[in-house]
Amino acid sequence: MKKILIVDDQPQISKILNDILIKSGYTTEMAFDGLVGVQKAKQIKPDIIIMDVMMPVMSGFEACKQIKADSSTSKIPIVFLTAKGQEDDEEEAIKLGATAFITKPFSPKSVLALIEKIIGK
């Protein structure tokens with residue numbers, strides 16, 4: 001079963017994603033700030049990470065940098081799911097090694113389709 005790490009400081013967003021992903025047959029873990037997200041990525045080695053940009057303790061961009069810099073986690077695809085929808089934010093995310101960038105509000109179906117396209121079921 002594929003593991004997905006959800007890193008978002010908004011509990012309601014995390015819960016919605018968690019419920020959708022579990023119903024679709026994935027295993028999930030959650031973190032509510034970037035630092036814990038980096039720690040969990042190293043610990044559980046998920047198949048994909050869905051991460052917000054604006055979070056306390058450590059931003060998603062900084063967390064992405066650290067995950068991509070570590071050889072044990074550098075190959076994990078990262079999808080940013082964020083309210084920061086400016087073009088330069090998306091460019092920054094891709095430059096840091098993110099696989100995709102989705103803006104909130106999001107369609108659960110489109111998030112699922114993107115995950116399936118990246119890692120399969």
Side-chain angles (χ1 to χ4, degrees):
M1 198 176 280
K2 305 271 181 165
K3 277 184 289 194
I4 300 176
L5 176 59
I6 300 165
V7 187
D8 197 311
D9 63 321
Q10 296 179 305
Q12 65 275 27
I13 298 287
S14 295
K15 181 171 178 5
I16 290 167
L17 281 172
N18 190 53
D19 292 349
I20 292 164
L21 295 169
I22 287 172
K23 282 180 188 158
S24 298
Y26 296 102
T27 303
T28 62
E29 283 276 337
M30 288 191 268
F32 297 99
D33 67 61
L35 180 61
V36 175
V38 171
Q39 293 165 344
K40 283 198 174 193
K42 290 177 183 182
Q43 179 187 11
I44 66 168
K45 308 282 190 301
D47 294 290
I48 191 168
I49 298 169
I50 306 209
M51 186 163 11
D52 192 6
V53 172
M54 297 179 293
M55 293 183 288
V57 185
M58 180 188 291
S59 75
F61 285 160
E62 183 57 37
C64 181
K65 246 186 256 181
Q66 290 192 20
I67 290 165
K68 292 299 181 179
D70 186 314
S71 61
S72 72
T73 55
S74 65
K75 301 267 190 267
I76 300 170
I78 296 174
V79 173
F80 279 106
L81 181 65
T82 182
K84 282 182 66 94
Q86 286 74 26
E87 197 174 306
D88 57 335
D89 293 319
E90 186 169 356
E91 287 171 9
E92 179 71 10
I94 301 303
K95 191 172 82 181
L96 291 171
T99 304
F101 190 92
I102 301 170
T103 54
K104 295 175 185 172
F106 62 92
S107 150
K109 282 183 182 173
S110 66
V111 171
L112 268 178
L114 180 62
I115 289 169
E116 287 178 17
K117 181 179 163 194
I118 297 169
I119 64 168
K121 258 211 150 181

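- Contact of the Glu29 side chain with the Gln43 side chain is not registered, since no non-hydrogen atoms from C-beta on lie closer than 4.5 Å.
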| side-chain contact (heavy atoms from CB on, under 4.5 Å) assessment of Asp33 paired with Asp9 | CA-CA 6 Å; Asp33 67 61; Asp9 63 321; 5.8 Å; no
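- Ile22 is not connected to Val7 by any chain of hydrophobic side-chain contacts under 4.5 Å among Ile, Leu, Val, Met, Phe, Trp and Tyr, and they are in different clusters.
- Rounded to the nearest 0.5 Å, atoms CD (Gln10) and OG (Ser14) are 8.0 Å apart.
- Going from atom NZ of Lys3 over to atom OG1 of Thr27 covers 8.0 Å, rounded to the nearest 0.5 Å.
- Looking at Lys75, its side chain never comes within 3.5 Å of a backbone N or O of Lys68 through a donor-acceptor pair.
- A continuous path of Ile, Leu, Val, Met, Phe, Trp and Tyr side chains, each step under 4.5 Å between heavy atoms, connects Leu35 with Ile78, placing both in one hydrophobic cluster.
- Rounding to the nearest 0.5 Å places CE of Met58 at 11.5 Å from SG of Cys64.
- Between Ile49 and Lys40, the closest side-chain pair of non-hydrogen atoms is not below 4.5 Å.
- The shortest non-hydrogen separation linking Ala41 to Pro46 is O-CD, 3.6 Å.
- Here ring-ring contact (aromatic ring centres under 6.0 Å, His included) pairs that include residues 48-77, with residues two or more places apart or in two chains, are Phe61-Phe80.
- Here OG1 of Thr82 is found 5.0 Å from CE of Met54. Values are rounded to the nearest 0.5 Å.
- Atoms NZ and CG, from Lys42 and Asp70 in turn, are 4.5 Å apart once rounded to the nearest 0.5 Å.
- The other members of the hydrophobic cluster of Ile6, by chain and number, are Ile4, Ile13, Ile16, Leu17, Ile20, Leu21, Tyr26, Met30, Phe32, Ile48, Ile50, Val79, Leu81, Ile102, Phe106, Val111, Leu112, Leu114, Ile115, Ile118, Ile119 (side-chain heavy atoms under 4.5 Å, ILVMFWY only).
- Ion pair Lys15/Asp19 flagged as a salt bridge, since at least one NZ, NE, NH1 or NH2 atom sits closer than 4.0 Å to an Asp/Glu carboxylate oxygen.
- In this structure, Lys109 has no salt bridge (Lys or Arg N to Asp or Glu O under 4.0 Å) partners at least two apart in sequence or on a different chain.
- Considering CG of Leu5 and CD of Gln39, their distance stands at 11.5 Å, rounded to 0.5 Å.
- Heavy-atom minimum distance, Met51 versus Ala63: SD-CB, 3.6 Å.
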